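Counting convention: from 1, in listed order, for ligands and their atoms alike. Note that this is a predicted model, so its numbers are computed, not measured.
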Amino acid sequence: MQLDNSFAELPPAFYTRLMPTPLPAPYFVAGSASAAALVGLDPAELSHEDFVTVFTGNQVPPRAKPLSAVYSGHQFGHWAGQLGDGRAILLGELSGPGGKLELQLKGAGMTPYSRMGDGRAVLRSSIREFLCSEAMAALGIPTTRALMVTGSNQRVVRETVESAAVVTRMAPSFVRFGSFEHFSYNNRHEELRILADYVIDGFYPELRGAANPYLALLEEVTQRTGRMIAHWQAVGFMHGVMNTDNMSILGLTLDYGPFGFMEAFDVDHICNHTDQGGRYSYSNQVPVGHWNCYALANALMPLIGDKEGAEAALDTYIDAYGEQFDRLMHAKLGLTTALEDDKALFDAMFQAMQAGHVDFTQFFRKLADLRVDVPEAEVPDADAPLRDLFIDRPAFDVWALRYRARLRAEGSVDTERQLAMRKVNPKYVLRNYLAQTAIERAQNGDFSEVSKLLDILSRPFDEQPEHETYAELPPDWAAQLEVSCSS
Ligand code: AMP
Ligand code: MG
């Protein structure tokens, strides 16, 4: 395996060169065929001993220049100072059909940025990150990817004793908002410029021609962030820890920890048990994304030098988010035209969903079953499966009346609309209880459920009648599940 490493060409201020710390007797847990294909690796070979050795960090390919990057960031709204790759080691990059992608080992041992941590990741969180990265990609949401997970019986202490794992992540770059904040807050403007130039030249070459490329960078990243968060809201994804060190400069969903997919709809749902104030609740993700772009703007100000320009660039977040969310909502509801009143229709829908405690994924999926071409007297029967999702059924009826009228007004054809809606409203998402089931089996040495889930989640829009149970509401025991920052 011939690895390049363009990040290693940057001056030493950006990283520390180091070797991963080996783990005893590593074993293969799971691999992603579609991620492997992106970098031209044979998926069938991922479980081969050589790959397990390399992607655990027990052996480094010749001429690779592994490193951990430094960054800082705002955590839960407060400046946290220096953070950095405390347990992630960049091996290098591979080129393939997916372009040039960096390969990073998460959980590969202590680094100079480990602070109080042990440099390790546990099997539980590695499986969650692996599955969710790949599930998000299959949903068409910008995200880092995950190539594979390996495990070792080495003990890792969290709330309980768990076992170690390494997840190999892939992205064109893992540079974060916090990478810029690091150099800016330390008044190292020369390095700040080098980093901005590296990002522009490597990933946004079209911005080089702008009058103020740094301002153009801020605007582009702001818009990508807004569009990414529109995708999250439209699928009910909650990141859980939207600190600026977890915000990708490429607008990718990054650092999967205590994330969650909305089940019973609650606009204020908090998926991260550690986030008591709900800073990163479902509804707060939208303004927090904007706030994070402000933090990036502050960091870039020494390069941008144009306060009004920066403010205007930040303002574009609202439209980038709003337009993308609006597009996604129209598609989710099977609407092919856009009307002035549609926002009110969407708002009323979310209100009914809230009152009805309706399962987010099931609601949108089953919405495709609603028919317009049905005699008035048969509507209650026809709507029953969808209506039954709502605790407050009259709230649904009121909204459904309005939705049908809207569909009729644009001459919507049931069969066509239903097909289109099933292509954008997933049937299968990574519910916490599904991940938990796969994790518990894996902790007992049976990794088959991880691969099975990956397979199901790679085709989230397919009916997959043989996997019907994976689309069901969470069982009662799932109410006790808590996910926290512990990983
Ligand atoms: P996160 O909340 O996972 O985004 O992590 C915040 C910071 O803590 C990052 O700098 C991580 O690299 C670091 N970190 C998290 N867990 C560990 C660990 N077990 N060992 C070392 N560093 C860690
Ligand atoms: Mg992080």
Open item on the list: Checking contacts now, so for atom 5 (O) of ligand 1, which I'm interested in, is there any protein heavy atom under 4.0 Å?
Closed with: no
Task: Atom indices of ligand 1 within 4.0 angstrom of Gly119 heavy atoms, with elements - done: 18 (C), 19 (N), 20 (N), 21 (C)
Task: Nitrogen or oxygen of Gly117 less than 3.5 angstrom from that of ligand 1 - done: no
TODO: Considering heavy atoms of the protein only, find what lies nearest to atom 17 (C) of ligand 1 and give residue, atom and distance to 0.1 Å.
DONE: Arg87 NE, 3.5 Å
Open item on the list: Yes or no: does Met116 have any heavy atom under 4.0 Å from an atom of ligand 1?
Closed with: no
Task: Option with minimal heavy-atom separation from atom 1 (P) of ligand 1, where the choices are Asn246, Asp85, Val156 - done: Asn246
Open item on the list: Here's one to test your reading of the geometry: is the NZ or CZ of Arg128 within 45 degrees of the ring axis of Phe259 and under 6.0 Å from its centre?
Closed with: yes
TODO: If you have a sec, read the angle at the Mg ion (ligand 2) from Asp255 atom OD2 over to Asn246 atom OD1, to 10 degrees.
DONE: 80°
- [ ] Verify the distance criterion only: is there a donor paired with an acceptor across the side chains of Ser484 and His273 at less than 3.5 Å?
- [x] no
- [ ] Mark the output for Arg158 as yes if a heavy-atom distance to ligand 1 is under 4.0 Å, and as no if none is.
- [x] yes
- [ ] Could you grab the distance from atom CG of Asp266 to atom CE of Met353, nearest 0.5 Å is fine?
- [x] 11.0 Å
Open item on the list: Please check whether Ser487 reaches ligand 1 - meaning an N/O of the residue sits under 3.5 Å from an N/O of the ligand, judged on distance alone.
Closed with: no
Task: Proximity of Phe346 and Phe350 rings by center, below 6.0 Å - done: no
- [ ] Give the single entry among Gly178, Gly257, Gly240, Gly86 that approaches atom 12 (O) of ligand 1 most closely by any heavy atom.
- [x] Gly86
Task: Residue pair Asp245 / Arg176: nearest heavy atoms and the distance that separates them - done: O-NH1, 2.7 Å
TODO: Taking the six-membered ring for Trp and the single ring otherwise, decide whether the centroids of Tyr282 and His269 are under 6.0 Å apart.
DONE: no
Open item on the list: Before we go on, tell me: are the rings of Phe261 and Phe237 under 6.0 Å apart, centre to centre?
Closed with: yes
Open item on the list: Can you report which non-hydrogen protein atom sits closest to atom 8 (O) of ligand 1, along with the distance?
Closed with: Arg115 NH2, 2.8 Å
Open item on the list: Taking 4.0 angstrom as the limit and counting only heavy atoms of Gly84, give me the atoms of ligand 1 inside it, by number and element.
Closed with: 9 (C), 10 (O), 11 (C), 12 (O)
TODO: From the options Asn153, Thr150, Val52, select the one residue that forms a side-chain contact (heavy atoms from CB on, under 4.5 Å) with Tyr27.
DONE: Asn153
Open item on the list: Please identify which of these residues, Phe180, Phe177, Tyr71, Trp79, meets the ring-ring contact (aromatic ring centres under 6.0 Å, His included) condition with Tyr185.
Closed with: Trp79
Task: Atoms in ligand 1 with a heavy atom of Gln75 nearer than 4.0 Å - done: 6 (C)
Open item on the list: Under 4.0 Å from a heavy atom of Asp255: which atoms of ligand 1 are those, numbered in the order shown and with their elements?
Closed with: 4 (O)
TODO: State whether the shortest distance between N or O atoms of Arg120 and N or O atoms of ligand 1 falls below 3.5 angstrom.
DONE: yes
- [ ] Would you kindly specify which portion of Tyr71 sits under 4.0 Å from ligand 1, judged on non-hydrogen atoms: side chain, backbone, both or neither?
- [x] side chain
Open item on the list: Are more than 12 heavy atoms, taken from residues, nucleotides or ligands other than Asp268, located less than 6.0 Å from that residue's CG atom?
Closed with: yes
Task: Between CG on residue Leu192 and OH on residue Tyr214, distance to nearest 0.5 Å - done: 9.0 Å
Task: ligand 1 contact on Asp118 by region, counting heavy-atom pairs under 4.0 Å - done: both
